[in-house]
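Below you'll find the structure, written out as structure tokens, and then a few comments.
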Amino acid sequence: MGNELFNNIPCKVGEILSDVMNGRIGLPDLQRPFVWNDSKVRDLLDSMLKGYPIGHIMLWSSPDDYENTGYIGKNEKGYKRPEDLVIDGQQRLTALLAAMYGVVIKDKNYKERKIRISFNPLTRDFAVWTQAYERNPEWISEISSVFTANQEHSVSKLRKAYIKSVNYSREKNGELILTEDEEDLIEENIKDLLDLGIYALPILKINAKADEEDVADIFVRVNSGGQKLTEKNFIETLIAVYDNDVHDQINRFCAESRVPANGTAYNQILSVDPAHLIRMAVGVGFRRARLRYAYMLLRGKNLKTGEITQSVREDNLSIFKDSLNVVTNLNNWHAFMNLFASVGYLKGSHVVSSNAVVFSYILYLIGKYDYRVPSLDLQKIIRKWIFMSTITGFYTGSTESEVEKQFADLRDVHDADAFVDYLDVVIKNKFTDDYFSYSLPSELNSSSATSPAWYGYIAAINVLGTPMLFSTVPMSHYFVFGTSGDKNAIDKHHIFPKHYLTKNGYDNDRDRNQIANFTYLDYATNIDISDKPPMEYVKKYREKLGEEGYKLACTQNALPENFEQLDYPEFLRQRRVLMAEIVKKAYKALCQ
């Protein structure tokens, strides 16, 4: 057995909460936003009163170079620097501090919040505070008043006042006053409530000799409240530890990035979370792709020497904050989102990998700020890059390794023209004639509902402004916020209907749900066609549109002429080729 990096230390709830309040233990305000609702806090207290286990708390002995932290509540602490940092258990400790000691916290929207839990000393019940409990004399409206009275050595006074109030209410309502047994029960239950302060809480304390990678690995492997913790949770913790303002900035942007700006659409592409922004800031500031570099840099590690020093941490944090300011600039973000929309990606569900958004945005910012690429040139190359990377799945698989290699290549790129040329070469190496003639049709030979090739084809239709099949309205209009995903507006339709194929011997969904057998139709047309054989519904729309209009609709929607007369396998083969040609046509349009 190897040397253990941790110690198991039994601790009382009151002791650890006292250490948090005096600063011996560092509990950042925003390690992770406090997301529990009040009923969950009530249940936590109820479990403790019943003697149930509530899990462990994970601490990390504060490294010698650690100096700065934010704390929950006010910053008037007895300790200038914490001896231990809370790595896991923030939600439970925050809940207990707020409920038992009346500490004002911030909710997930970063608004001040007070958690008030009521207690009935006669029934031992907890309840989330309401005006009804406030008015009911048989309830202590806020348990924090009991713990405050205990600190002031006035619990006896509080108990007597409670009994007096209950008796007055009962006499007023013509009820029997409290018996001696009930008074004894009240005293016992208030004592049990206060004994929550001596509830045994297991502490897992990681040694100071453990470096950030050890702690991150432990953090990821340990379950907290049944929820698997991740590397990004640990990095968010470190950011909150070293600079709460930075963490606040990150979470504000996560909310604001979804809101439309003047002249921009609601961001339907990516619901930004802190891990995305951390990746972006580290990518822009340090040209690093792997998330693990974030906690190394924020801890002050020199990536060349491996040394951790305060000066390096201060320098790295400064670079990180400067990069974060660029990343969270809403003008930059909305401009980039407009580029995504302009290449036909109008729904987040059509972007298979969030990394395509994250790393394309990094390239956009590097091009804008580091290489000073003229605006029009930057927009053009990033449009092409987004189109290529999303269709080809460029940012799937070993994404971090691929981007690390790209960042290494960029070290030899020194001006705007070279930056544009570098990206253009990568794009052309992906978008070869063979790709459009062979690779893409092969990728379209699939029944996957989330194929990048299928979504790339839809993006191409949007780029070209193509009307919906058998309609005069461009398909892109149906993906505008408020209509996208609404079955009453648009639906995927089998060109050779499923029921028709089943009757003709195709009873396997992989055959019937081939990408090349799909198109989008407006709801009315979809209902009209339903399960009709292609020969039947094609005849109707051919007459309705006229021969030239029908041929144009087929050409625009990658349908072979007279497709309704083809055998199903031959239809699929021909359509895959035509769909790939539509994608190529859209790419050429983006190159102009």
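Atoms considered below: every heavy atom in the structure, side chains included; atoms not considered: hydrogens, waters and symmetry mates. Computed from a predicted model, the values in this text were never measured in an experiment.
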Can you check whether [X] reaches [Y] side chain to side chain, under 4.5 Å on heavy atoms?
| X | Y | answer |
| --- | --- | --- |
| Ser342 | Arg383 | yes |
| Leu521 | Leu469 | yes |
| Thr392 | Tyr435 | yes |
| Trp454 | Ser446 | no |
| Gln556 | Met475 | no |
| Tyr457 | Ile391 | no |
| Leu363 | Leu410 | yes |
| Cys254 | Pro274 | yes |

Measuring from [X]:[atom1] to [Y]:[atom2], what's the distance to the nearest 0.5 Å?
| X | Y | atom1 | atom2 | result |
| --- | --- | --- | --- | --- |
| Asp377 | Asp417 | CG | CG | 7.5 Å |
| Lys551 | Leu545 | NZ | CG | 13.5 Å |
| Arg411 | Gln406 | CZ | CD | 12.0 Å |
| Gln592 | Tyr587 | CD | OH | 11.5 Å |
| Asp322 | Leu317 | CG | CG | 9.5 Å |
| Arg252 | Ile250 | CZ | CD1 | 10.5 Å |

Considering all heavy atoms, the nearest [X]-[Y] contact:
| X | Y | value |
| --- | --- | --- |
| Gly344 | Asn462 | O-ND2, 3.0 Å |
| Gln514 | Leu444 | OE1-O, 4.2 Å |
| Asn332 | Val326 | ND2-O, 3.0 Å |
| Val352 | Ser451 | CG2-C, 4.4 Å |
| Tyr395 | Ser353 | O-OG, 3.1 Å |
| Ile366 | Phe407 | CD1-CE2, 4.0 Å |

inquiry  = In this structure, is the centre-to-centre distance between the rings of His493 and Phe518 below 6.0 Å?
reply    =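 Not close enough - the centres of the two rings lie 6.0 Å or further apart.
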Between [X] and [Y], how do the two ring planes meet: parallel, tilted or perpendicular, split at 30° and 60°?
| X | Y | result |
| --- | --- | --- |
| Phe470 | Tyr537 | perpendicular |
| Tyr455 | His350 | parallel |
| Tyr500 | Phe496 | tilted |

key: Set of residues satisfying salt bridge (Lys or Arg N to Asp or Glu O under 4.0 Å) with respect to Lys492, sequence neighbours excluded   =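 Here no residue qualifies.
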request  = Please identify each residue that fulfils salt bridge (Lys or Arg N to Asp or Glu O under 4.0 Å) with Lys384, with sequence neighbours left out.
outcome  =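 Scan of Lys384 (salt bridge (Lys or Arg N to Asp or Glu O under 4.0 Å), adjacent residues dropped) gives Asp424.
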message = Under a plain distance cut-off of 3.5 Å, with no hydrogens placed, do Asn325 and Gln249 share a side-chain donor-acceptor pair?
response =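 Yes, side-chain donor-acceptor contact under 3.5 Å.
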query = Can you tell me if Gln379 and Ser375 form a side-chain donor-acceptor pair at under 3.5 Å?
reply =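 There is such a pair between these side chains.
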message = Counting only heavy atoms not in Tyr369 (residues, nucleotides, ligands), do more than 12 fall under 6.0 Å from its OH?
response =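 It does: Tyr369 OH has more than 12 such atoms within range.
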message = The test is side chain to side chain donor-acceptor pair (under 3.5 Å); show your working for Arg576 and Ser442 and say whether it passes.
response = CA-CA 8 Å; Arg576 291 178 192 122; Ser442 177; over 6 Å; no
Quick one: side chains of residues 560-570, donor-acceptor pairs under 3.5 Å with protein atoms, not counting sequence neighbours, listed by atom name and distance.
residue	atom	partner	partner atom	Å
Asn562	OD1	Arg542	NH1	3.2
Asn562	OD1	Arg542	NH2	3.0
Glu564	OE2	Arg542	NH1	3.1
Tyr568	OH	Asp511	O	2.7
Tyr568	OH	Asn517	ND2	3.4
Glu570	OE1	Arg573	NE	3.2
Glu570	OE2	Arg573	NE	3.4
Glu570	OE2	Arg573	NH2	2.7
Glu570	OE2	Gln574	NE2	2.8

ask   = What's the verdict on ring pair (Phe, Tyr, Trp, His ring centres under 6.0 Å) for Phe394 and Trp385, showing C-alpha distance, side-chain angles and the deciding distance?
value = CA-CA 10 Å; Phe394 186 86; Trp385 182 267; 5.2 Å; yes
message = Using the side chain to side chain contact (heavy atoms under 4.5 Å, CB included) definition, which of the options Val282, Ile278, Leu277 pairs with Met280?
response =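 For Met280, the side chain to side chain contact (heavy atoms under 4.5 Å, CB included) check succeeds only for Leu277.
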ask   = Between Asp509 and Arg512, does at least one N-O distance fall below 4.0 Å, as a salt bridge requires?
value =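 Here Asp509 pairs with Arg512 in a salt bridge, since their nearest N and O are under 4.0 Å apart.
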